[in-house]
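Following: one structure in C-alpha cells, then a few remarks.
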Amino acid sequence: LRAEAVRHSVQMKADIVVRDETEMGDRALLNLGHTFGHALEAVTGYSDRLLHGEGVAIGCALAFEVSAQLGLCSQEDPSRVRAHLSDMNMMCDLTDIKGDLPNVDALIDLMGQDKKVLDGQLRFILARGIGQAFVTADVPIETVHLVLSDALAQRR
C-alpha cells in the first residue's frame with residue numbers, strides 16, 4: 001500500500017513537472033514546505049542532521065500551522081498532517097531536530113534568502129485544506145513569527 005502511494009505521488013509530480021517546466025503554474029505547488037524547509041536546512045549546515053525531505057516535512061507542518069492561524073484551513077488540519085508524517089516515520093516538528101536552532105528572526109532572515117522571494121516578498125505555499133495548496137505572498141510576517149515562536153518554545 002505504501003509503495004503504491006509513493007508510486008502514485010511520484011507519477012503525479014512527474015506529470016506536473018512536464019506540464020509546467022518553468023514553474024509558473026501548478027509546479028510551484030510542489031514547493032509546499034520548502035520555504036521553511038530550506039531555512040532549516042541552512043541552519044543545520046546542509047548536513048545529515050536534517051535531510052532535505054525532513055526539512056520539507058517539518059516545513060509542510062509549519063505551512064499548515066500558518067494556514068490554520070490565518071483561518072484558511074481547519075484547526076485540525078495541522079494535527080492531521082503531523083500525524084501522517086509521524087506515521088510515515090518522518091520528522092514533523094522543530095523538536096525533532098537535534099542540536100541548537102537560532103531564534104525566530106534568524107530563521108525568518110534565512111527564509112528571505114529563498115529562491116521563491118519575488119520583489120522582496122516572501123512567497124509561501126499555504127493550504128485551504130489537505131490537498132488544496134495555493135501560492136501567496138499575502139502572509140503577515142507576524143503570523144510566521146508567531147508560528148515559529150510557538151514551535152521553538154516547544155523545544156525548551
Side-chain angles (χ1 to χ4, degrees), residues 9 13 16-17 20 22-156:
S9 296
K13 181 176 181 176
I16 290 170
V17 170
D20 185 13
T22 60
E23 207 168 310
M24 298 304 290
D26 287 347
R27 185 171 177 176
L29 300 178
L30 298 176
N31 289 319
L32 177 67
H34 284 69
T35 302
F36 290 104
H38 288 160
L40 294 171
E41 284 181 281
V43 301
T44 56
Y46 300 98
S47 67
D48 59 2
R49 183 174 159 209
L50 183 75
L51 302 176
H52 175 71
E54 295 168 334
V56 170
I58 294 169
C60 285
L62 291 168
F64 268 87
E65 287 291 345
V66 169
S67 298
Q69 285 289 326
L70 294 174
L72 298 169
C73 70
S74 79
Q75 294 297 313
E76 292 79 31
D77 280 349
S79 296
R80 289 180 61 206
V81 168
R82 280 194 171 84
H84 174 71
L85 292 170
S86 182
D87 288 348
M88 301 300 290
N89 296 317
M90 295 290 299
M91 291 185 178
C92 57
D93 286 299
L94 294 185
T95 56
D96 295 328
I97 302 171
K98 291 180 179 30
D100 292 334
L101 290 177
N103 66 26
V104 173
D105 293 324
L107 285 172
I108 290 174
D109 285 346
L110 284 166
M111 291 167 69
Q113 297 172 24
D114 192 79
K115 70 178 182 176
K116 289 175 292 308
V117 171
L118 193 62
D119 298 327
Q121 285 275 75
L122 262 176
R123 290 192 315 154
F124 288 88
I125 314 306
L126 296 182
R128 292 185 182 91
I130 293 173
Q132 299 174 40
F134 67 99
V135 181
T136 184
D138 188 23
V139 178
I141 202 66
E142 297 81 17
T143 303
V144 176
H145 199 283
L146 173 70
V147 166
L148 288 172
S149 292
D150 288 350
L152 286 170
Q154 292 176 20
R155 288 177 55 91
R156 292 179 184 34

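None of the values given here were measured: they were computed from a predicted structure.
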Atom pair [atom1] ([X]) and [atom2] ([Y]), whose distance is rounded to the nearest 0.5 Å:
X: Leu50; Y: Ile58; atom1: CG; atom2: CD1; result: 5.5 Å
X: His34; Y: Leu40; atom1: NE2; atom2: CG; result: 12.0 Å
X: Leu94; Y: Phe36; atom1: CG; atom2: CZ; result: 9.5 Å
X: Cys60; Y: His84; atom1: SG; atom2: NE2; result: 9.5 Å
X: Leu72; Y: Phe134; atom1: CG; atom2: CZ; result: 4.5 Å
X: Asp77; Y: Arg80; atom1: CG; atom2: CZ; result: 5.5 Å

Should we say atom CG of Asp138 is surrounded by more than 12 heavy atoms from elsewhere, each under 6.0 Å from it?
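Result for CG/Asp138: open.
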Q. More than 12 heavy atoms of other residues, nucleotides or ligands under 6.0 Å from CG of Asp100: is that the case?
A. no
Can you give me the closest heavy-atom contact between [X] and [Y], atom names plus distance?
X: Val144; Y: Val139; value: CG2-CG1, 3.7 Å
X: Pro78; Y: Glu65; value: CB-OE2, 3.3 Å
X: Leu70; Y: Pro140; value: CD2-CD, 3.8 Å

Judged by atom type as modelled, is there a donor-acceptor pair below 3.5 Å linking the side chain of [X] to the main-chain atoms of [Y]?
X: Thr35; Y: Arg123; answer: yes
X: Glu54; Y: Leu51; answer: yes
X: Arg82; Y: Cys92; answer: yes
X: Ser67; Y: Ala63; answer: yes
X: Asp96; Y: Asp93; answer: yes

Exercise. Mind checking whether Ile97 and Arg49 have side chains closer than 4.5 Å, heavy atoms only?
Worked result: yes
